[in-house]
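Note that this is a predicted model, so its numbers are computed, not measured. Numbering starts at 1 and runs along the sequence shown.
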Amino acid sequence: MLSPSVARQVIAAATGGHEPRRPRALAELAVLTEREREVAIEVARGASNAEIAASLSVSVATVKANITRIFAKLGTGNRVHVAMKVRDAGLL
């Protein structure tokens with residue numbers, strides 16, 4: 001598990017200098033509900049589950065459930081992949 005600040009650095013290093021892959025990433029994120037998209041954006045910002053819960057005024061359990069659904073819909077099991085999709089879509 002990476003700390004939020006390290007995750008941001010990894011994402012920046014991995015995607016630096018590349019044009020956003022907007023159409024493909026937007027299409028992949030289109031399967032998410034509005035709330036899941038909000039959670040995905042917070043994940044991309046490097047927020048912890050507790051920080052996401054506080055900013056969206058929901059419980060940590062709700063955030064975890066949303067992240068589980070995001071992983072399933074995007075076919076991934078990690079936050080970095082979600083963050084890269086959000087960044088590629090230009091949602092940050």
- Query: Quick one: are L56 and V63 in side-chain contact, heavy atoms under 4.5 Å?
  - Reply: no
- Item | Check: K85 and V80 side chains under 4.5 Å, non-hydrogen atoms | no
- Task: Return the set of residues passing salt bridge (Lys or Arg N to Asp or Glu O under 4.0 Å) with E36 (not counting sequence neighbours), or none when no residue passes.
- Result: R69, K73
- According to a 4.5 Å side-chain heavy-atom criterion applied to Ile, Leu, Val, Met, Phe, Trp and Tyr, with indirect links allowed, do V60 and I41 form part of one hydrophobic cluster? no
- Measure the CG-CG distance between L29 and L91 for me, rounded to the nearest 0.5 Å. 6.0 Å
- Task: Would you indicate whether the side-chain heavy atoms of H81 and N78 approach each other to under 4.5 Å?
- Result: yes
- Message: List the residues meeting salt bridge (Lys or Arg N to Asp or Glu O under 4.0 Å) with E38, not counting sequence neighbours, and say none if there are none.
- Response: R35
- Task: First locate atom CD of E28, then atom OG1 of T76, and finally report the distance between them rounded to the nearest 0.5 Å.
- Result: 10.5 Å
- Message: When you compare the side chains of R37 and N66, does any donor N or O come within less than 3.5 Å of an acceptor on the partner?
- Response: no
- Got a second to check how far R45's CZ is from L92's CG, nearest 0.5 Å? 6.5 Å
- Query: Is a side-chain N or O of T62 found less than 3.5 angstrom from the main chain of V58, in a donor-acceptor match?
  - Reply: no
- Could you give the distance from OG (S59) to CG (N49), rounded to the nearest 0.5 Å? 10.5 Å
- Going by the side-chain contact (heavy atoms from CB on, under 4.5 Å) test, name the single residue among I67, I70, V39 that passes it with V82. I70
- Message: Just so I know, are the side chains of V43 and V86 near enough to count as touching, which here means a heavy-atom distance under 4.5 Å?
- Response: no
- Message: Which heavy atom of A83 sits nearest to which heavy atom of A44, and what is that distance?
- Response: CB-CA, 3.6 Å
